[in-house]
> 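Can you read through this structure? Questions will come right after.
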Amino acid sequence: MNANVAVENTPEISLWNDPTVSVTARVDALIDAMTLQEKTAQLYGVWVGASDQGGEVAPHQHDMEEAVDLDALLPTGLGQLTRPFGTVPVDPALGALSLARTQSRIAATNRFGIPALAHDECLAGFAAWGATAYPVPLSWGATFDPDTVRRMGAAIGHDMRAVGVHQGLAPVLDVVRDARWGRVEETIGEDPYLVGTIGTAYVQGLESAGIVATLKHFVGYSASRAGRNLAPSSVGPRERADVLLPPFEMAIREGGARSVMNAYTDADGMPSAADEDLLTGLLRDTWGFDGTVVADYFAIAFLKTLHGIAADWAGAAGTALHAGIDVELPNVKTYGAPLAEAVADGRIPEALVDRALRRVLTQKATLGLLDPDWNPVPAALDGADLDDPAALRGRIDLDGPENRALARMVAEEAVVLLSNDGALPLARPRRIALLGPNADEPTAVLGCYSFPQHIGVRHPGTPLGIELPTLRDTLAAEFPDAEITVARGTGIDDGDLSGIREAAQVAREADIALVVLGDRAGLFGRGTSGEGCDAEALELPGAQQHLLDTLLDLETPVVTVLLAGRPYALGRAVEESAAIVQSFFPGEEGTHAIAGVLSGRVNPSGRLPVSVPRGPGTQPATYLGARLAHASEVSNIDPTPAFAFGHGLSYTRFDWADLTVDVQEAPTDGEFTLTFTVRNSGGRSGTEVVQLYLHDPVASVVQPVQRLVGYSRVELNPGEARRVRVTVPADLASFTGRDGRRVVEPGELEVRLAASSADPRLTARVTLTGAERHVDHTRRLHATFGQEPVTGGRLRSQRDGQRSRADRPAEASRTTPSQRVGEDQDGDGDAEWEAGWSGT
């Protein structure tokens, strides 16, 4: 090992360094040996940037904080290093060396030899220069594929751990409540079950690689009024319990997440950073979480500056510490001298410091940071000559072929085909008009937490570090014989109309017009999507709708392609576009995925994780609404979406039929099983996404009309059929009752097997019997899906032997109440029956 990064150990091992002793005993011994200043030093971080020359990190000068003097801080120790890779562009190998040398200095400077825990962002890939830019979380949701997301999380975690990072600040488990919010791109969708299952899979991936996953933002951030960033949240206790909390509960219980980050927002006057009932009562005492709670950046100081519930920094520190925040990020502000002074003079109990410290040191011990053989040199630098930094440049590849292949897989699964009149897949067009502001823009595929958009924009002379082919590039490869003419038309949000005439002329001379619209990701107003980039209404930014409408006036077929961070109302395009392809910032391989869908090389299987609105001003509105939240005669505003949650088309056709239910009644502590057949009756292989929705016709408190409680991807070759079996525990019908406790009530349930929230294919009714039953966080969370091949015979579809309306009641009478499919549910005598057999 290089002497510059070695940490010498004495022959006698202190108790806290002895790995043969229990972690509890080691941590207790260390706490007993520490001074107050050494204790508080473990409870804050310092924002740093790695050196591109391999030297030690340099403190980051942030405009919200004063400069940090490392020489003065390090003798007492340091809890965390904030974003060593995600602050400035740095070659990964030199960044790893810089971090290792800094860790060596930290351990050598404090008397216990404790290194810092290093964290970085990993919202859509490791946010480091040269690392793979994966699709944003909203695209993860569009895949409805936890297994692939889990693989992606493991790959990201492996890259982070290999260069010396311990903790990742992801995933975002906020459930979308208002699509005007700028951070919609960072979320997984508008349904808590989808967010929970996909988010938990990502956590499992990160944690399997040894990275501490950090759940954010706990809780209510996405429910801010009018979709404004950091605005107060107006959620009631049931919305919080039944919509916002379940993803966190699942990711802790099933994902094994070891850290949670508080939300900035306040709910009914209580900031999350000060909410003891939330951070201690619910999170720890009820759910049993034993990891660390870290502050969202500056959140503790915000108790004084933004929320006004603390008079000084010590007051803010005491409030947050009492509530249950263990670590102040990104920099030392309140948990340093203000906290130590307040403890010394008796204003804050030292027991609160010890409580947080115990959690921090326990985590460091489990990461091996207290072991006598701890080595600051990360795995990626094993065997390297650390005395020759120049020779290290380029040694570490964070964007290798396996990463890119995985990024492309996620991107392909996430593309959603919203509509198609037969124009797609494109049949060898001779002349393609490629139009719009995102047609030839490399960064159009990136979200705001990708390194190029988050950090790289501040360093315009630095290369991107990754390959970002534009849609123009990938279409040229996909259609080598076509003549592709590009016209920008207008900018993302500049309102410029001067190029629209040229775009229209190019379209007139083409066989097909591809208009590529959407967002530019950025931070705090530098983009149209991203943190602090909220929208007043869900209309396409700038003059993009004007461009789109102009093209729709022409005779040339128009295919609308969206590279965006949120859903937008598309006006006339919903009915008049030849096809609409939706992609939510699909990452560095995204344009390959889109080109593949356009050509037919990829059969789209993505499904909408958020509804696409019909009008721009109907927010807040999600599919997850009670009866009065939907269209009615008492309001002139119709929130019915243009494309519903869960919607997505394919280039093949799927038929659903032959639903059976094993029981007509099940106890409130029991389960029931649905079995049905899905057949690919089209001409090519494809994937159907079976979605399971629950409708509770009568409940003691108002319920959503329906809610997703399960889903499964069914991959089928042409002509292939599978018998799908779904076992549904009664626990999935639970909700927060009148007394604030979660309850399973007896009564009739309607179970909808659907291709989207607006497209039920098969419907069954089952009655829950017995006593009302209270459940808690140990309840069953999932339906169980299984698939078996169907061999021989002809699939009996509801379309077979189509009957007149007069015959339909007789058909229904030949089934048991629990087996009726495709029934009229709203009294119009038609809609649900037709939905029972309509295909994709």
> Measure the CG-CG distance between L598 and L424 for me, rounded to the nearest 0.5 Å.
6.0 Å
> Scan P616, P541, P613 and name whichever one has a side chain to side chain contact (heavy atoms under 4.5 Å, CB included) with Y568.
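Option passing the side chain to side chain contact (heavy atoms under 4.5 Å, CB included) with Y568: P541.
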> Kindly write out the residues that satisfy side-chain contact (heavy atoms from CB on, under 4.5 Å) with A487, not counting sequence neighbours, or none if the list is empty.
L435, E502, A503, V506
> Could you tell me if the side chain of P641 sits less than 4.5 Å from the side chain of Y623, heavy atoms only?
no
> Measuring from atom CG of D519 to atom CG of L563, what distance do you get when rounded to the nearest 0.5 angstrom?
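Taking CG in D519 and CG in L563, the distance rounds to 9.5 Å.
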> Mind checking what makes side chain to side chain donor-acceptor pair (under 3.5 Å) contact with R572, not counting sequence neighbours?
D553, E576
> In residues 443-456, what donor-acceptor pairs under 3.5 Å come from side-chain atoms, sequence neighbours left out?
| from | atom 1 | to | atom 2 | distance (Å) |
| --- | --- | --- | --- | --- |
| T443 | OG1 | E441 | OE2 | 2.8 |
| Y449 | OH | R183 | NH2 | 3.4 |
| Y449 | OH | E531 | OE1 | 2.7 |
| S450 | OG | G447 | O | 2.7 |
| Q453 | NE2 | A521 | O | 3.0 |
| H454 | ND1 | C448 | O | 2.9 |
| H454 | NE2 | R83 | NH2 | 3.2 |

> Can you pull out every salt bridge (Lys or Arg N to Asp or Glu O under 4.0 Å) where at least one residue sits in residues 149-161? Sequence neighbours excluded, please.
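Sorted result for residues 149-161: D147-R150.
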> Measure from the side-chain N and O atoms of R393 to the backbone N and O of D52, and report whether any donor-acceptor pair falls under 3.5 Å.
yes
> With sequence neighbours left out, what residues match E720 under salt bridge (Lys or Arg N to Asp or Glu O under 4.0 Å)?
R722
> Could you check whether any side-chain heavy atom of P442 comes within less than 4.5 Å of a side-chain heavy atom of P469, counting everything from C-beta outward?
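In short, these two side chains do not touch, never coming nearer than 4.5 Å.
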> List for me each residue that meets salt bridge (Lys or Arg N to Asp or Glu O under 4.0 Å) alongside E588, sequence neighbours excluded, and say none if there are none.
R404
> Who passes side chain to side chain donor-acceptor pair (under 3.5 Å) against T485, sequence neighbours left out?
none
> Got a sec, which pairs hit side chain to side chain donor-acceptor pair (under 3.5 Å) with one end in residues 457-469, sequence neighbours left out?
none
> How close do F785 and V724 get, counting heavy atoms only, and between which atoms?
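Nearest heavy atoms, F785 then V724: CD2-CG1, 4.1 Å.
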> Going by salt bridge (Lys or Arg N to Asp or Glu O under 4.0 Å), name the residues that satisfy it together with D145, two or more places apart in sequence or in a different chain.
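D145: salt bridge (Lys or Arg N to Asp or Glu O under 4.0 Å) contacts with R713.
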> If I compare all heavy atoms of G141 with all of P609, which pair ends up nearest, and what's the gap?
C-CB, 3.9 Å
> Has E483 got a side-chain atom pairing as donor or acceptor with I432's backbone, closer than 3.5 angstrom?
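Absent.
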> Starting from the C-alpha separation in whole Å, work towards a yes-or-no answer on salt bridge (charged side-chain N to carboxylate O under 4.0 Å, His left out) for R607 and E688.
CA-CA 10 Å; R607 301 294 186 265; E688 179 68 300; 2.9 Å; yes
> Report the residues that fulfil side chain to side chain donor-acceptor pair (under 3.5 Å) with T197, sequence neighbours left out, ordered by chain and then residue number.
Y711
> Going by side chain to side chain donor-acceptor pair (under 3.5 Å), name the residues that satisfy it together with S757, two or more places apart in sequence or in a different chain.
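With sequence neighbours excluded, S757 shows a side chain to side chain donor-acceptor pair (under 3.5 Å) to no residue whatsoever.
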> For R488, what residues pass the salt bridge (Lys or Arg N to Asp or Glu O under 4.0 Å) criterion, not counting sequence neighbours?
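In terms of salt bridge (Lys or Arg N to Asp or Glu O under 4.0 Å), with neighbours along the sequence ignored, R488 is linked to D494.
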> Using a 6.0 Å cut-off, check whether atom CZ of R501 has over 12 heavy atoms from anything other than its own residue.
no
> Check whether any side-chain heavy atom of D549 sits under 4.5 Å from a side-chain heavy atom of Q545, and report yes or no.
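Yes, close enough: below the 4.5 Å cut-off.
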> Would you call D534 and R180 a salt bridge, using N to O less than 4.0 angstrom?
no
> To the closest 0.5 Å, what do you measure between CD (E555) and CZ (R508)?
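Answer rounded to 0.5 Å: 10.0 Å.
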> Does a side-chain N-to-carboxylate-O contact under 4.0 Å join E186 and K216?
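No.
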> Taking atom types as modelled, find out whether S611 and E190 have a side-chain donor-acceptor pair closer than 3.5 angstrom.
yes
> Determine the minimum heavy-atom distance between G683 and T652, stating which atoms define it.
N-OG1, 3.6 Å
